[in-house]
Structures are given as structure tokens and as C-alpha cells.
Amino acid sequence: PSSMRLSSRCTGAEKTSPKGGVDRVSASGATTTSDKASQKKEHNAADPRKVVILGGGIQGTATAYFLSLRGVPSTIVERVSLAAAASGKAGGFLAGGWGDGGVTEQLHRVSFKMHEELAETLRLKTYRKIPTLSVAGGASLSESPPPLVSWLDGEITRCDLMDRGTAQVTPKELVDAMHRECGKVRGARTVFAEVVDVVLNENDEVVGVDVKHEKSNELERIEATHVVVAMGPWSVRAETWFEGLKVPMTGIKSVSLLFKANALVEKEPAALFCAEDENACHLEVYPRSTGEVYVCGCGGSEYVDSGRLMPGGDLDRADLVSTDESRVRAASASFLGLSKSVGTGGPEKTQTCMRPCSSDALPVMGRVPGFKGAYLQCAHNCWGILWAPVSGKAMAELICDGVATCAELAPFSPARFMKGKTKKGRKMGTRDVGEQW
């Protein structure tokens with residue numbers, strides 16, 4: 001409501017500095033992760049840039065991390081918690097060649113290599129290379145060869161090698177590691193509050209961000225020269241901050257399950273992409289180095305329109321996303337049919353993420369047309385974890401250098417017009433792979 005908002009416009013003489021007493025997360029005392037990562041990052045006090053990143057998911061923290069490598073501090077504004085939505089509940093599957101032949105080829109290829117470099121720099125424990133198999137369940141045929149991994153001890157009709165060059169990471173570990181590092185730049189901070197508005201001057205230049213603190217209900221204006229909207233599906237709110245901007249966005253609720261891995265899984269790790277089954281599941285299975293087996297592709301995904309994501313909507317924050325128990329039962333049955341040794345007993349944990357998907361299933365990245373200092377970085381859909389390093393670096397380059405050189409962002413510009421209906425699942429080249437929606 002308007003009574004809860006500070007003025008969204010101000011002149012240069014009206015710019016105000018942030019108040020004290022802000023909720024913060026300090027990373028200055030974090031344990032050293034590597035010689036390279038632990039080097040003290042100095043900030044040039046004369047640098048006029050004041051960067052505010054809206055959203056504490058993997059896109060926002062990646063942007064903050066790559067800015068920190070340039071010595072530029074940022075303020076991350078997050079309403080719930082770091083990686084509260086898809087970034088904390090995604091599978092973390094990485095495939096470098098699956099975008100070949102399309103406009104996302106560079107994002108796939110460059111970011112896949114960057115993940116390996118980040119894993120070494122940040123000493124991530126969950127990053128590893130694993131093969132990917134194509135699997136079909138059902139009554140086993142007598143002439144069928146045995147599955148390529150022995151923990152597929154259910155009824156398997158087909159099990160083929162799909163790609164031996166894939167990898168994985170647990171996304172929350174990566175988010176936390178990047179957040180610790182970006183917090184080492186003097187002036188960096190994280191504010192836990194709801195974004196109310198982006199403040200513009202009479203020339204449509206960003207000068208601040210208005211936030212409301214959850215605990216105190218107190219309003220604060222954070223001074224800014226650059227604002228990056230990286231709020232996942234909730235980035236649709238930018239339509240109310242920048243006149244004329246359209247962010248055609250759907251939130252896709254998707255259930256995932258976590259099973260306890262056994263010794264066979266730990267010995268023979270492989271990602272699985274499974275054919276659609278009688279339970280309307282199109283399972284994707286990712287054994288993790290942490291002793292978990294992550295299962296998604298449970299089917300029945302709910303589409304959430306922008307009205308429900310806006311303030312006052314029933315899903316206007318990440319911690320309101322609930323799990324469809326009917327899909328938990330369906331996916332549990334499907335996985336049990338594939339792996340009796342792992343699936344027996346059911347999942348140890350169930351959860352639901354909200355994937356941000358644009359109308360053409362492509363990410364939205366770049367400057368907001370007509371507004372100085374405003375950027376969008378959202379709608380990365382099911383490849384958000386893979387694309388995060390290159391996306392964060394590209395946004396840092398835009399802010400620091402005025403142009404992104406690590407990746408061509410023109411196809412993903414917020415200025416583009418979106419037409420036609422596109423299948424929005426994963427692809428391996430031009431081939432649909434896994435659940436489509």
C-alpha cells in the first residue's frame with residue numbers, strides 16, 4: 001500500500017544515506033577457503049558506484065562475487081534467506097554441451113568451465129564430474145543387458161550412456177561460498193528486508209532502493225547508483241518500478257525428493273534422465289557426494305502467474321511455496337520401481353522450488369531500457385545453476401566496464417519482444433531431454 005512506501009522519486013538534493021541498525025550477515029570472519037579466494041579485497045573509497053542487488057539466490061550472489069573480484073562492494077537485499085527458493089532446492093546438474101546450436105550455447109560452454117574453476121578456487125566439496133545415463137523403467141526384457149549401475153535394481157527396460165562429460169554441484173554450497181567471499185570487500189553487506197521500490201530521480205537514474213525490514217517493520221532507503229533485479233520469479237515486480245517494462249514471467253512449482261544413498265550409489269555415481277512413466281513422472285536422479293540421492297521431474301508442476309507473485313499474492317515470498325504430496329507419492333513409487341535398494345523406505349526429505357521461466361524460456365539479462373543504472377538478471381529456468389557463473393560475471397562486466405565480454409547478452413535483453421510458445425524443459429542440442437512443460 002502507498003502508505004507503506006517512501007517516495008519513489010527524488011532529486012539529487014534529496015538523496016539520503018542508509019540508516020544504521022540494519023540486519024546484516026557478516027562474512028569477514030569466514031574460514032579461509034583458498035589462497036586465491038582469501039586475499040583481502042580492497043575497495044577504492046573514491047569509487048562512485050553503489051551497487052544494490054535484489055535477491056540472495058545464486059544469480060544475485062554470483063553477481064556480488066564477481067563484482068568483489070573487481071574490488072566493488074555490493075549490498076544484497078534478501079527477504080527470506082540466502083538461496084531460499086530454487087537456488088537452494090535445485091539439483092545442481094551441469095552439462096556443458098547441451099546448449100549447442102542454440103542461443104544459449106555460449107552460456108552452457110563458458111559457464112560449465114567456470115564451475116570447475118570456481119570449485120577449485122572456493123574448494124567446494126560437492127562439485128564432481130559424473131556420467132549421465134538415459135533410463136527407461138518397466139518390465140525388464142530377458143535380452144536386455146544389465147543396467148550400467150548396479151543400484152538400478154528395479155525393473156529396467158533400457159539403460160544407455162547419454163553423456164560422460166557432465167558434472168554436478170550442490171547449489172547451496174556454492175551460494176554460501178560466493179557470499180562469504182563477496183562479503184570480504186569493505187562496504188559489502190547483506191540486508192534481510194522486503195524491496196518496496198526502486199528510487200529514481202527526474203532523469204530516470206537509479207538513486208536508491210526502499211526496503212521494509214521484516215522484524216521491525218521499519219522503512220529504509222539504501223543509496224544506489226546501480227540496481228540488479230535478481231529475484232527469480234519475483235523479478236516480475238520490476239514492472240512496477242520501471243514504467244513501461246514488461247517481465248513476462250511464470251513461476252513453476254516443482255517437487256523434489258531426497259533419498260539416503262547406499263554404498264552402491266556412492267561407488268557408482270551417475271545422473272539419470274528417465275523416460276516418462278505411468279505415474280506421469282519424468283524423473284531426473286542426481287546422486288550427491290554428500291550421501292543423498294536427489295530426485296526431481298516429478299510431474300504435475302503448478303504454473304504460478306505473476307499476480308500471485310506480486311505483493312499481497314498467495315505466493316509473494318519464497319517461504320510460502322508448499323509441496324504437492326500427490327506428486328511426492330507418485331515420484332516415490334516411480335523411483336522405487338527403478339531402485340528398490342535406494343527407494344525402499346521413501347524419501348528422507350521433500351521440498352518444492354519455484355523456477356523462474358520467461359515466456360520464451362530464455363533468461364532475461366541486461367540493462368533496463370530507458371533507465372540508467374537498472375539491470376535485470378532473472379528467468380534462468382532449469383539451467384539457473386549452470387548459467388550462474390557466466391551470468392554473474394557478465395553483469396559485473398556490464399556494471400564495471402559498460403559491456404559484457406564473457407558472453408553475448410543481446411539475445412537475452414529485457415528489451416526483446418517475446419513471441420510464440422516454446423517447450424521449456426532441458427534440451428541436449430535440439431533434442432528434448434527430461435520433463436517438458
Side-chain angles (χ1 to χ4, degrees), residues 1-29 43 49-57 59-61 63-64 67 73-85 87-88 175-176 179-180 182-183 185-201 205-242 308-321 371 373-375 378:
S2 58
S3 61
M4 298 296 295
R5 298 170 59 143
L6 299 172
S7 171
S8 62
R9 297 267 175 173
C10 69
T11 64
E14 293 171 323
K15 297 177 186 176
T16 58
S17 299
K19 296 182 281 188
V22 179
D23 295 337
R24 303 181 187 188
V25 173
S26 172
S28 58
H43 169 52
R49 288 175 294 226
K50 296 178 175 62
V51 182
V52 179
I53 298 169
L54 311 184
Q59 302 302 330
T61 53
T63 300
L67 283 169
S74 59
T75 297
I76 296 174
V77 180
E78 167 57 45
R79 186 176 185 183
V80 178
S81 61
L82 294 176
S87 298
V175 169
D176 288 344
H179 184 254
R180 283 194 299 271
C182 72
V185 178
R186 286 191 177 90
R189 62 175 182 154
T190 296
V191 177
F192 288 98
E194 179 183 9
V195 179
V196 176
D197 207 352
V198 174
V199 188
L200 307 169
N201 65 15
E205 299 170 328
V206 169
V207 295
V209 176
D210 291 342
V211 303
K212 182 177 72 173
H213 295 279
E214 296 278 299
K215 294 180 180 179
S216 65
N217 213 35
E218 181 182 354
L219 293 172
E220 179 193 3
R221 177 163 291 174
I222 302 172
E223 190 175 1
T225 58
H226 299 74
V227 169
V228 180
V229 181
M231 298 168 62
W234 295 277
S235 298
V236 69
R237 297 184 182 194
E239 291 184 349
T240 67
W241 303 331
F242 305 107
R308 299 174 64 189
L309 301 168
M310 298 295 280
D314 66 310
L315 290 172
D316 71 346
R317 51 186 293 155
D319 52 1
L320 294 177
V321 179
F371 297 88
Y375 306 83
C378 56

Item to check | Listed partners of Thr63 passing side chain to side chain donor-acceptor pair (under 3.5 Å), at least two apart | outcome: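 For Thr63 the side chain to side chain donor-acceptor pair (under 3.5 Å) partners, ignoring immediate neighbours, are Gln377.
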Checklist entry - Who pairs with Glu205 by side chain to side chain donor-acceptor pair (under 3.5 Å), at least two apart in sequence or on another chain? => result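 Testing Glu205 for side chain to side chain donor-acceptor pair (under 3.5 Å), a comparison that skips the adjacent residues, returns Asn201.
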Give, for atom [atom1] of [X] and atom [atom2] of [Y], the distance between the pair rounded to the nearest 0.5 Å.
| X | Y | atom1 | atom2 | answer |
| --- | --- | --- | --- | --- |
| Glu220 | His213 | CD | NE2 | 4.0 Å |
| Thr75 | Lys50 | OG1 | NZ | 10.5 Å |
| Arg237 | Glu239 | CZ | CD | 12.0 Å |
| Arg49 | Ser74 | CZ | OG | 12.0 Å |
| Ile222 | Leu54 | CD1 | CG | 8.5 Å |
| Asp316 | Met310 | CG | CE | 10.0 Å |

Item to check | Sequence-distant partners of Ala85, side-chain contact (heavy atoms from CB on, under 4.5 Å), two or more places apart | outcome: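 Scan of Ala85 (side-chain contact (heavy atoms from CB on, under 4.5 Å), adjacent residues dropped) gives Trp234, Ala318.
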Could you pull out the closest heavy-atom pair between [X] and [Y], with the gap in Å?
| X | Y | answer |
| --- | --- | --- |
| Ala64 | Ile76 | CB-CD1, 3.9 Å |
| Val211 | Val77 | CG1-CG1, 3.9 Å |
| Val52 | Val209 | CG1-CG2, 3.9 Å |
| Val51 | Pro73 | CB-O, 4.1 Å |
| Leu309 | Pro233 | CD1-O, 3.5 Å |
| Cys378 | Gly232 | CB-O, 4.0 Å |

Checklist entry - Considering the options Glu78, Glu214, Glu194, which one meets the salt bridge (charged side-chain N to carboxylate O under 4.0 Å, His left out) requirement together with Arg317? => result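 Passing option: Glu214.
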Within-4.5 Å side-chain heavy-atom neighbours: [X] and [Y]:
| X | Y | result |
| --- | --- | --- |
| Val199 | Asp210 | yes |
| Val229 | Trp241 | yes |
| Ile53 | Leu67 | yes |
| Val206 | Thr225 | no |

